[in-house]
Amino acid sequence: MKRVPRPSRRHLAMAGAVGALTLGATAVLPATNAIAATGCAVTYTTNSWAGGFTASVTIKNLGAAVNGWTLGFSFPHSGQRVAQGWSATFNQTGSAVTAQSLSYNGSLATGASTNIGFNGSWTSSNPAPTSFTLNGTVCTGGTTPTTAPPTTPPPTSTPPPTTPPPTTPPPGGTTPVAINGQLRVCGVNLCNQYGKPIQLRGMSTHGLQWFSQCYNDASLDALSKDWLADLLRVSMYVQEDGYETDPAGFTNRVNTLVDEATERGMYALIDFHTLTPGDPMFNLARAKTFFAAVSARHASKNNVIYEITNEPNGVSWSTIKNYAEQVIPVIRANDPDAVIVVGTRAWSSLGVSEGGNSTEVVNNPVNAGNIMYAFHFYAASHRDSYRAELERAAARLPMFVTEFGTVTYTGGGAVDAASSTAWLDLLDRLKISYANWTFSDADEGSAAFRPGTCYGGTYTGPSVLTDSGTFMRNRIRTPDNFPTS
Ligand code: IDC
């Protein structure tokens with residue numbers, strides 16, 4: 001069962017320095033302003049960790065309706081910086097910050113609220129700003145100019161965003177992409193265009209060099225409308241008769257599948273499926289060529305996520321980081337706001353399968369913004385110790401399960417329903433997005449369709465499914481939780 005959205009306790013608890021501040025009347029008396037004498041109320045909440053934080057800012061307009069707004073505030077400490085914002089355009093000069101509304105949230109009726117946020121960094125300390133302005137009017141929380149400001153700040157009873165998911169879809173449609181729009185990393189989460197953490201659930205293709213017959217209008221319609229999936233991972237092997245044998249041809253196949261996902265309102269995860277050899281540097285030049293092409297082709301789309309290396313193995317984290325720091329700028333040059341996922345050591349196990357753990361990433365993260373880290377598991381092979389490490393890592397790092405199986409790591413064997421359920425319950429609880437291996441009719445336990453399905457025309461309903469397909473379709477079909485306010 002999907003859970004009702006609520007602020008993640010884990011997220012709050014891990015922070016150590018949680019700041020919550022509701023600004024009502026402040027020590028700063030409002031300037032007399034005929035347009036909006038009572039101004040605005042601002043709630044500023046942070047999750048902070050050593051050197052970094054995520055801020056959530058709710059702005060309530062208490063003055064006349066506005067069409068376009070700019071929020072202004074100053075950081076109390078010179079070391080505080082906005083790194084990356086969402087739901088507004090942020091600018092910082094010295095300690096002064098402005099956040100300007102976007103087209104979809106610029107209209108604020110009297111009494112209406114909107115939420116924006118940003119990731120930031122800090123050095124000596126990270127106090128909340130003490131005064132905010134909206135279109136130049138000081139936000140006094142609705143007190144009249146003659147009301148004396150309180151001497152103590154109000155209690156930290158910032159109302160958490162407990163609003164249930166809306167029953168009416170936002171304008172633009174009901175597909176996952178129509179609702180969530182351009183995604184971005186916020187803190188350790190994947191957030192939608194409203195700055196709310198979401199989880200995407202979907203399926204991975206098998207190798208395009210072997211199973212292209214499985215990806216057609218009927219099968220992708222089934223994924224979107226029968227499975228109600230949010231995400232298609234497009235798995236393009238580089239070796240094993242993949243990309244290296246025909247770069248232009250495989251680039252085209254990937255582009256076509258991204259377009260097919262786009263038509264159906266699904267997110268597309270472009271997987272540069274390195275596996276053997278395990279050193280991503282072996283394919284660095286190919287990766288640059290490939291990602292330059294696909295990021296240029298899809299730059300204007302809002303539904304494309306890039307996975308730059310599937311499963312590095314037998315190499316150090318510093319090698320993977322070096323690879324990532326060379327490939328990410330190639331994508332960013334074309335598509336600056338796309339989320340990028342970086343594979344981790346030991347077949348994307350955060351190092352665990354080679355005796356390591358996530359500390360190596362936490363202590364030496366990739367030097368780039370708006371990125372996530374991949375974690376893979378096969379439920380019949382990887383159990384409690386892997387789950388524990390993922391949960392530990394997910395308190396510090398934005399994690400994305402770009403591939404997992406319900407079976408053993410060979411891709412075969414029986415579904416381990418108990419372990420798979422434990423895994424998916426964990427991912428749901430942590431709002432970690434996932435893609436299951438595979439949406440194909442390969443003759444192996446991990447495939448969702450019975451062998452031969454892709455040579456027929458029917459992909460819907462339970463009769464074409466394997467045990468793994470049945471299990472996954474049941475999980476993925478449950479309602480999404482995509483908050484819009
Ligand atoms: C497996 C396929 C199998 C294929 C093999 C060869 O299921 O049909 O013969 O690759 O490359 C991974 C990899 C993924 C593997 C999968 C199962 O990302 O390519 O697919 N797996 O072994 N990591 C862990 C397991």
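Counting convention: from 1, in listed order, for ligands and their atoms alike. Starting from 1, each residue takes its place in the sequence as its number.
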I'd like to know whether the aromatic ring centres of [X] and [Y] sit less than 6.0 Å apart in this structure.
X: Y434; Y: W423; value: no
X: F118; Y: F90; value: yes
X: H273; Y: W210; value: no

Distance alone, cut at 3.5 Å: any donor-acceptor contact between the side chains of [X] and [Y]?
X: T274; Y: N310; result: no
X: S316; Y: S318; result: yes
X: T410; Y: Y378; result: no

What residues come within 4.0 Å of ligand 1, counting heavy atoms only?
-> H206, Y237, E240, H273, L275, N310, E311, Y378, E403, Y409, T410, G411, W437, E444

